[in-house]
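Order of listing sets the numbers, starting from 1, for every ligand and every atom in it.
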Amino acid sequence: MYNNWEELENSIVNCKKCKLCQNRTNIVFGVGNKNADIMLIGEGPGADEDKQGIPFVGKAGQLMDKAFKGLDIDRQSLYIANIVKCRPPSNRVPENDEAEACLDYLRNQVILVKPKIIVLLGSTALKNILGKEYGITSARGNWIERKGIYYMPTWHPAALLRDETKKIEFWKDLKSVMEKYNEIKN
Ligand code: URA
């Protein structure tokens, strides 16, 4: 573990810990406020993210931005990262060995950011962070506290693109995040 961002960021530059390094254009490390109270964790970069090196800039990210706007959430105030930092081929779900190889980077990001709240975007984030026994359909919308951090599992924004009805729940979950944040921020 590194106790500063510079060392952590340097440590990933030539990462070849898993096979996802073979096809990447950019490592998508993370973006936002490095002292954020709220951190969001997604699955892994898609094509747009791979091209730009920034998480959630494609269609799913743009939809998430709309929700932020509607709820008066400033994206710059958050820290956003993914379970894997390199794009899986055809946007498939990261395999266990890939997630495991990459998770230490994310753990180190969490240690440095010290968020009070972590929003888990979708099943891959939920299962890799809180445990394989969790399922997104039943876990979403419910707070889980672990070691002083409040976790809110919710739908991955890409799921909203496939199923409009999930938008209301996603919105509700983000609203609940802001309510919790206002309750605990001091
Ligand atoms: N989906 C994710 O899980 N992460 C991104 O950065 C983009 C799409």
Side-chain angles (χ1 to χ4, degrees), residues 8-9 12-13 15 17-21 23-34 36 38-69 73-110 113 115 117-132 134-137 139-141 151-164 166-167 169-171 173-174 177:
L8 176 61
E9 284 168 17
I12 199 172
V13 172
C15 184
K17 284 200 211 173
C18 85
K19 56 191 174 300
L20 297 181
C21 69
N23 297 308
R24 73 173 173 234
T25 311
N26 284 296
I27 293 172
V28 181
F29 179 68
V31 75
N33 177 1
K34 289 173 173 168
I38 304 172
M39 179 163 173
L40 283 84
I41 300 178
E43 179 174 295
D48 296 301
E49 290 78 17
D50 175 64
K51 240 181 247 155
Q52 297 186 43
I54 304 168
F56 286 103
V57 290
K59 273 215 176 95
Q62 287 161 24
L63 187 56
M64 190 165 73
D65 287 345
K66 273 194 193 164
F68 291 159
K69 206 160 170 229
I73 300 170
D74 175 12
R75 181 170 160 140
Q76 317 298 325
S77 72
L78 312 167
Y79 190 81
I80 306 177
N82 282 306
I83 295 293
V84 294
K85 312 300 196 214
C86 298
R87 185 190 180 199
S90 317
N91 300 339
R92 63 157 170 73
V93 173
E95 291 169 1
N96 279 340
D97 61 320
E98 296 159 355
E100 258 157 46
C102 211
L103 267 172
D104 271 346
Y105 295 123
L106 184 62
R107 290 193 187 103
N108 209 148
Q109 286 170 299
V110 172
V113 173
I117 293 171
I118 296 183
V119 182
L120 300 169
L121 299 166
S123 169
T124 300
L126 173 65
K127 287 180 183 292
N128 281 286
I129 301 293
L130 291 183
K132 305 282 187 220
Y134 285 94
I136 192 66
T137 307
R140 72 136 283 279
Y151 292 86
M152 171 54 75
T154 188
W155 300 121
H156 189 286
L160 317 180
L161 293 167
R162 295 188 292 265
D163 178 359
E164 287 259 329
K166 292 191 166 82
K167 282 187 184 173
E169 289 173 335
F170 182 73
W171 182 282
D173 296 346
L174 287 187
V177 166

field: Residues Asp97 and Lys19 bridged, charged N to O under 4.0 Å
entry: yes
task: Keeping the roles fixed (side chain from Glu169, backbone from Gly141), state whether a donor-acceptor pair exists under 3.5 Å.
output: no
field: Heavy-atom side-chain contact between Leu130 and Tyr151 under 4.5 Å
entry: yes
query: Is a side-chain N or O of Asp50 found less than 3.5 angstrom from the main chain of Pro45, in a donor-acceptor match?
result: no
query: Salt bridge check: are Glu98 and Arg24 linked by an N-O gap of less than 4.0 Å?
result: no
query: Taking the six-membered ring for Trp, is the centroid-to-centroid distance between Phe56 and His156 below 6.0 Å?
result: yes
message: Show me, by chain and number, every protein residue that has a heavy-atom distance under 4.0 Å to ligand 1.
response: Gly42, Glu43, Gly44, Glu49, Pro55, Phe56, Asn82, His156
